[in-house]
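See below for the structure under consideration.
Whatever order the structure lists ligands and atoms in, that order sets their numbers, starting from 1.
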Amino acid sequence: MNSLSDRINNLSTSQTLAMAALARELKAQGKDIISLSLGEPDFNTPDFIKEAAKKAIDENYSTYSPVDGYVELKEAICRKFKRDNNLDYKPANIVVSTGAKQSLYNIAQCMLNEGDEVILPAPYWVSYYEIIKMAGGIPVEVPTSVESDFKITPEQLEKAITPKTKMIWYSSPCNPSGSVYSREEFTAIAKVLEKYPNIFVVADEIYEHINFSGTFCSIASIPGMFERTITVNGVAKAFAMTGWRIGYIGAPEFIAKACTKMQGQVTSGANSIAQRATIAAVDADPKVLNYMVEAFHKRRDLVVGLIKEIPGLKINVPEGAFYVFPDVSSFFGKTLRGTLIKDATDFSMYLLAEANVATVTGDAFGNPDCIRFSYATSEELLVEAMRRIKEVLA
Ligand code: PMP
Ligand code: GLU
């Protein structure tokens, strides 16, 4: 008998985390696995942030924090939004959560009723789909491809809008495609949304600083968009703080209040020490991250160059984040070393079995033609991984 709820039975396991777990398990069994599955910087958290955390422990930040975050942190986040994004949020617009994942979960729970539609330009980050479904929402995928740099056009957006459309969710720089929308592109999207004032936008900017394009645009900074955008960000990626679990939103006050009510019943305020450390992180000049961003940039060039040398893989040049998302569909229907490759999942499993390289199938991100590599690992391992892949595809 299955005693679990329909809710959990209908929930898919996070495929990024599942692949990372499988890679770890195979490694523990002694296999020489190179894991390009998880999106996680391979750097340590910068020392000045660790110092702030140690100080917070010594200063006894050990009690429950305010549910929406320490006011000093919310003020620092407002300064960050002004400095980096030209957004005028007040502390009442900010909610600090246990990772951007919880920020997104709060938003879905607070904004969606059963049957509300949420437009997801595909590929989208793996958890959006399930978080929306858990809240009773209906994800409406708008497909893109490598040929259009995985970006949607204003026409595609307009076509996807129905009377039931409540929100649109995207990340830029995008996980998994690395694409970055320009101000011009967002302005054209905002123009479409002008006609539909009831649609809200979730702008996931967690990869903001890992951006090689030289420009970054927050859609909330486009005239008319501030009051209908929920800007999501966090320290996991840019500050190499995935385990600290701090994310945050800037949102209209009624939404911030709702998210606070939600997490007040579910988790209470986020970890007190991590919040104090985050003050140091968001107050720092983003230039302190240059050494990591430069390393990612160099690896991006390396991996894109190596992938271009592998016959059959099609790739865009991702402008941000630390992922590449090659189209592998030219292999579908072919038999490699006795294995029939029907789809991207078969392809990804083939690379794991034959090359000992862990990737994530594009299916998880709503694009069945591609697979995702995370290049947040050493150049040496990247070169070796690409060598192995080339060999098993030859
Ligand atoms: N959004 C995107 C696009 C992500 O890639 C991730 C993965 N970490 C998250 C949100 C969640 O971030 P966090 O680790 O802060 O929960
Ligand atoms: N966001 C990262 C990824 O996409 C980490 C894993 C996760 O949270 O799903 O790989």
Side-chain angles (χ1 to χ4, degrees), residues 11-24 35-42 45 69 77 95-108 120-132 150 168-181 201-211 216 218 230-249 259 263 266-267 270-271 274-275 277-278 281-282 296 318-325 348 358-367 370-377:
L11 185 72
S12 304
T13 300
S14 162
Q15 291 198 54
T16 46
L17 299 180
M19 197 57 167
L22 179 59
R24 236 177 264 138
S35 182
L36 306 183
S37 56
L38 197 61
E40 165 153 82
D42 57 331
T45 302
I77 290 169
V95 182
V96 179
S97 299
T98 301
K101 221 175 222 177
Q102 188 186 22
S103 305
L104 293 162
Y105 182 82
N106 284 341
I107 294 164
L120 291 182
Y124 45 78
W125 182 46
V126 55
S127 291
Y128 293 170
Y129 195 95
E130 294 298 317
I131 287 174
I132 289 162
F150 298 109
I168 160 168
W169 288 31
Y170 69 84
S171 60
S172 175
C174 173
N175 179 0
S177 70
S179 304
V180 179
Y181 283 85
V201 175
V202 169
D204 183 343
E205 302 183 351
I206 198 160
Y207 294 96
E208 169 185 18
H209 295 303
I210 307 171
N211 181 350
F216 177 78
S218 290
I230 305 162
T231 308
V232 178
N233 211 323
V235 290
K237 309 293 175 176
F239 295 93
M241 292 174 71
T242 49
W244 297 67
R245 312 303 306 127
I246 297 290
Y248 55 85
I249 59 167
C259 291
Q263 73 183 23
V266 180
T267 50
N271 178 288
Q275 283 197 58
T278 299
V282 295
F296 288 132
E319 295 279 17
F322 35 60
Y323 307 103
V324 287
F325 199 58
S348 170
T359 58
V360 184
T361 172
D363 269 325
F365 307 96
N367 185 318
C370 299
I371 63 165
R372 189 189 78 172
F373 299 96
S374 161
Y375 58 81
T377 193

Report the part of F322 in contact with ligand 2, treating N, CA, C, O as backbone and CB onward as side chain, heavy atoms under 4.0 Å; options are side chain, backbone, both, neither. neither
What is the minimum heavy-atom distance between G178 and A321, and which atoms define it? CA-CB, 4.5 Å
Any N or O of K237 closer than 3.5 Å to N or O of ligand 1: yes
Look at ligand 1 and say whether I206 reaches it with a heavy atom at a distance under 4.0 Å. yes
What do we get for N175 next to ligand 2 when only non-hydrogen atoms under 4.0 Å count, side chain, backbone, both or neither? side chain
Using a strict cut-off of 4.0 Å, indicate which atoms of ligand 1 neighbour a heavy atom of G99. 15 (O), 16 (O)
Taking N or O atoms only and a 3.5 Å limit, does T98 qualify as a polar contact for ligand 1? no
Is there any N or O on S127 that sits under 3.5 Å from an N or O of ligand 2? no
Within a strict 4.5 Å, meaning less than it, do heavy atoms of the Q263 and T98 side chains meet? no
Any non-hydrogen side-chain atom of S103 less than 4.5 Å from a side-chain atom of V95? no
Numbering as shown, the atoms of ligand 1 that approach A236 to under 4.0 Å (heavy-atom distance): 14 (O), 15 (O)
Check M241, Q102, Q275 against I246 for a side chain to side chain contact (heavy atoms under 4.5 Å, CB included) and give me the one that passes. Q275
So the atoms of ligand 1 within less than 4.0 Å of a heavy atom of D204 turn out to be 1 (N), 2 (C), 3 (C), 10 (C)
Look at atom 11 (C) of ligand 1 and say which protein heavy atom is nearest, naming residue and atom and giving the distance to 0.1 Å. W125 CH2, 3.5 Å
Does any part of the side chain of W169, heavy atoms only, come nearer than 4.5 Å to the side chain of I107, both counted from C-beta? yes
Y128 to ligand 1: N or O pair under 3.5 Å? no
Closest to atom 3 (C) of ligand 2 among E40, R372, M19 (heavy-atom distance): R372
Considering only heavy atoms, does R245 approach ligand 1 within less than 4.0 Å through its side chain, its backbone, both, or neither? side chain
If you take the centroid of each ring, where Trp contributes its six-membered ring, are F296 and Y207 closer together than 6.0 Å? no
Please determine whether any non-hydrogen atom of A100 lies less than 4.0 Å from an atom of ligand 1. yes
Using side-chain heavy atoms (C-beta onward) and a distance below 4.5 Å, is V360 in contact with L36? no
Side-chain contact test, heavy atoms from C-beta onward, threshold under 4.5 Å: evaluate it for R245 versus K101 and give yes or no. yes
What I want to know is whether S171 and ligand 1 share at least one N or O pair that is separated by under 3.5 angstrom. no
Would a 4.5 Å heavy-atom cut-off, applied to side chains only, mark N106 and S97 as touching? yes
Atoms of ligand 1, numbered as shown, that sit under 4.0 Å from any heavy atom of N175: 3 (C), 4 (C), 5 (O)
Give the atoms of ligand 2, by number and element, whose distance to some non-hydrogen atom of K101 is under 4.0 Å. 7 (C), 8 (O), 9 (O)
At what distance is the nearest protein heavy atom to atom 6 (C) of ligand 2, and which residue and atom is it? L38 CD1, 3.4 Å
Could you tell me which atoms of ligand 2, counted from 1 in the order shown, lie closer than 4.0 angstrom to a heavy atom of T16? 3 (C), 4 (O), 6 (C), 7 (C), 9 (O), 10 (O)
Only heavy atoms of Y207, strictly under 4.0 Å: list the atoms of ligand 1 that pass. 3 (C), 4 (C), 5 (O)
For atom 2 (C) of ligand 2, what's the nearest protein heavy-atom neighbour? Residue, atom name and distance, please. K237 NZ, 3.3 Å
Nearest heavy-atom approach of P176 to R372 is CB-CD, 3.4 Å
When only distance counts, is I246 in polar contact with ligand 1, meaning an N/O pair under 3.5 Å? no
Are any of the side-chain heavy atoms of F150 and C370 separated by less than 4.5 Å? yes
For L17, which part has a heavy atom under 4.0 Å from ligand 2: side chain, backbone, both, or neither? side chain
